[in-house]
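See below for the structure under consideration.
Numbered from 1 within each chain, the chains take letters A, B, ... in sequence-line order.
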Protein chains: 2
Amino acid sequence: MKVTMRTIAKQAGVSVPTVSRVLNSPEQVKPETREKVMHVIRTLNFRPNAIARNLRVQQSRTIGVIIPQIRDYFFNELYQGIYKAATENGFNILLFDAQLDPERVMEGFSFLKEQQAEGIIFTSSYISNDYYTMIARVGLPVILTLTESPWHDLPAFKVDEQKAAFDAMSYLVARGHRKIGVISGPLESTIAGQHRYDGYMMAIKHYQLPFDTNQLAFGDFRYESGYRAMETILSHAKTTGITAVCVASDEMAIGAMRAVYDYHLRVPEDISVIGFDNLSISDMVTPKLTTVAQPFEQIGYEAVTALITKLEGGGNKVSNGAHNLSHQIISRESVANCTYDDS
Amino acid sequence: MKVTMRTIAKQAGVSVPTVSRVLNSPEQVKPETREKVMHVIRTLNFRPNAIARNLRVQQSRTIGVIIPQIRDYFFNELYQGIYKAATENGFNILLFDAQLDPERVMEGFSFLKEQQAEGIIFTSSYISNDYYTMIARVGLPVILTLTESPWHDLPAFKVDEQKAAFDAMSYLVARGHRKIGVISGPLESTIAGQHRYDGYMMAIKHYQLPFDTNQLAFGDFRYESGYRAMETILSHAKTTGITAVCVASDEMAIGAMRAVYDYHLRVPEDISVIGFDNLSISDMVTPKLTTVAQPFEQIGYEAVTALITKLEGGGNKVSNGAHNLSHQIISRESVANCTYDDS
DNA sequence: CTGAAAGCGCTTACAG
DNA sequence: CTGAAAGCGCTTACAG
């Protein structure tokens, strides 16, 4: 038999509202009745129906999260931050996995709306017009993570991708490298693809580094593609004379290091490699990967904190546009000082 | 202004039940009125309140999941399977992260009950009596993953840990190794600790391998502890003469491989290493890790499928006790044939 | 084919 | 300090 407030009320010989009061504002009820009610609550092991409560008080206390796909390596850390901030504020998380399918992200918004999410944390490698239309249509506050909106009219928690990529390149230059290869993500990926690429290119220009297309290859952020991109770059190594490679993701960087290994060269003695992300695995590979760290957990944490602030009426406190959290270069073992004469 | 069925009904000049019908059993309503209603639904962009519906039909369509901690590396894959099975059956997932705190897992059960979870997927490194009491108290169907209940009165989806560990050892023996080190998890961890340890020891007995305590070290499944455990084992390598090591988790195995590297030995030429889990990173390290694969995603998938079967009245179809899914040794690069004479 | 009524499990003014 | 009443947004027999 299901036990509800009605059950408790009957057993305790009081009314339903009284049961509700002992649970929600016990100071309003006489100590004796309070004890009486608490006693049957305990013996019947009663748990109030949070769903019913939420319906009545017109709030769901849940935040929807749309992500590209669960198996992304950054998901753990991002979600950890999201979960933490939500829990601290008594919110639940409802996750929607878009499985890299734009159709599904559209469904995600509808779904979360139906499930009464009060706001949405949205992560995507780009923001299409369709998404914008959908966001307007559901009419829920949306906060971006690891993403940026083209019109900057949504708050976005992320890293300054371009600057971070530029810094990775500078790190190499500061260690004497001038002939540097680049493994970029796909440029259709507005953020991690295009912006990082721009950062690398800005640095090449700024430091007046030699660069031609034989030093450049593209991948899809995954290990395999990093491996293949490195093979391409190595096939021109004799003419380009590269001593280092900037890679747009740790996973690709680890693949690239493997390619170097399979070609009987060494990282970092022959070729230095710097990654991007600072996934926890970067500290487990050999050589340990030098990389630029994104504070994934912090990004998740601050994004939902901001969302909750908005939900609780502090909309003016969280500005639209980019909230750039600080990135950081983590020096490990995959970059050496350049010992070749470059003249 | 919030738009509900009431809004739609008014606009369309029908009653609320009619709106409900066009959404849930459109064949029951006359095509003309159906069209009329659908039209205002579309223009007002109405989404029915799933929470209210669930309250009315007395189901929540949500499954609770309690895990030790989000940052576990297997979480991604396990959750992927959980999420997939839930989505396919129209169930939502509500996640509860116990943060390795027994107190919090207790809270988890209460919380999920209040949130009206219809059943619970529970992952834990051991099952205490307190947990049992709590499980009985909430009265929800519970299914274990990567875990086993001491009294086998709960369905448990997992791998035959002992057999899998035994097989890892056999794999080494088949390649000529006889002096084999063991890095175990903590024995308090009933499953991944004790059971795997038992499997290793059974194999040592079965194959009559030489073994003394200098070949054994313990860790906590993490990289760092694997590194240190390997250091301990290596410090006795001259006397023990080990040529291979069985490690109870991939993360520890990767740490162990690093220790070998730092001691200027090579994997697998000097020391072979076999892990346990087949985390996706095992394929990215160099040398790629040979290991015994647990089908995490499948475990998650089958566990929630079984739970849903139970919820839908097929309780007799899912038996209590262990459901052992098949493990598999994945041969990669970290194990070589033993070339030393053992006599 | 459609509407009025009742009710899911709660909460919250309003009386008393 | 406590209870009767109304209502959150739905669904579902029951009439008509």
Side-chain angles (χ1 to χ4, degrees), chain A residues 1-38 40-41 44-62 90 110-118 139, chain B residues 1-38 40-41 44-62 90 92 110 112-118 139:
Chain A
M1 236 342 277
K2 167 174 275 196
V3 17
T4 70
M5 285 195 179
R6 215 151 163 274
T7 327
I8 306 298
K10 264 183 193 146
Q11 292 268 344
V14 298
S15 73
V16 169
T18 296
V19 177
S20 174
R21 282 189 204 100
V22 330
L23 254 19
N24 298 309
S25 39
E27 70 287 354
Q28 287 185 28
V29 24
K30 188 163 58 169
E32 303 154 48
T33 49
R34 197 197 306 159
E35 274 318 308
K36 197 171 53 181
V37 172
M38 279 310 291
V40 322
I41 283 178
L44 265 56
N45 223 285
F46 169 68
R47 297 270 144 205
N49 182 332
I51 298 301
R53 173 180 218 285
N54 287 342
L55 177 62
R56 175 57 232 248
V57 305
Q58 294 282 80
Q59 53 163 37
S60 67
R61 296 244 113 189
T62 106
S110 296
F111 172 77
L112 293 173
K113 173 84 171 176
E114 284 184 19
Q115 299 292 328
Q116 306 307 108
E118 298 184 19
Chain B
M1 235 342 279
K2 167 173 271 192
V3 16
T4 70
M5 286 194 178
R6 214 149 163 277
T7 326
I8 305 298
K10 264 184 194 148
Q11 291 269 345
V14 299
S15 73
V16 168
T18 297
V19 177
S20 174
R21 282 188 203 102
V22 332
L23 255 19
N24 299 310
S25 40
E27 70 287 354
Q28 287 183 27
V29 24
K30 189 164 57 168
E32 303 154 49
T33 51
R34 197 196 306 159
E35 274 318 307
K36 199 170 52 182
V37 172
M38 278 310 291
V40 322
I41 283 179
L44 265 56
N45 222 286
F46 169 68
R47 297 272 144 205
N49 183 332
I51 298 301
R53 174 182 217 285
N54 287 342
L55 176 62
R56 176 56 233 245
V57 304
Q58 294 282 77
Q59 52 164 35
S60 67
R61 296 244 113 191
T62 105
N92 296 331
S110 297
L112 293 172
K113 174 85 171 179
E114 284 184 19
Q115 299 294 326
Q116 305 305 110
E118 299 184 19

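Of the candidate nucleotides D:dT2, D:dT11, C:dC10, D:dT2 has the atom nearest to the side chain of A:Val29. Here the nucleotide nearest the side chain of A:Arg21, chosen from D:dC10, D:dG3, D:dT2, is D:dG3. With distances taken from any side-chain atom of A:Thr4 to the nucleotides D:dT11, D:dG9, C:dC10, the minimum falls on C:dC10.
The side chain of B:Gln58 places an N or O atom within less than 4.0 Å of a non-bridging phosphate oxygen (OP1 or OP2) of C:dG9. Contact check, A:Asn24 against C:dT11: a side-chain N or O comes under 4.0 Å of OP1 or OP2. Taking 4.0 angstrom as the limit, A:Lys2 places a side-chain polar atom (N or O) nearer than this to OP1 or OP2 of C:dG9. Within the 4.0 Å cut-off from OP1 or OP2 of C:dC1, not a single side-chain nitrogen or oxygen of B:Thr33 is found. Side-chain nitrogen and oxygen atoms of A:Thr18 include at least one within less than 4.0 Å of the OP1 or OP2 phosphate oxygen of D:dG3.
Nucleotide D:dA13: unpaired (no Watson-Crick or G-U wobble partner with both distances less than 3.5 Å). Across all strands shown, D:dA4 has no partner, as no Watson-Crick or G-U wobble contact with both distances under 3.5 Å is found.
At a cut-off of 3.5 angstrom, the base of D:dG7 holds no donor-acceptor pair with the side chain of B:Arg6.
Residues B:Ser20 and A:Leu55 each lie close to DNA chain D; by heavy-atom proximity, the contact nearer the 5' end of the strand is made by A:Leu55.
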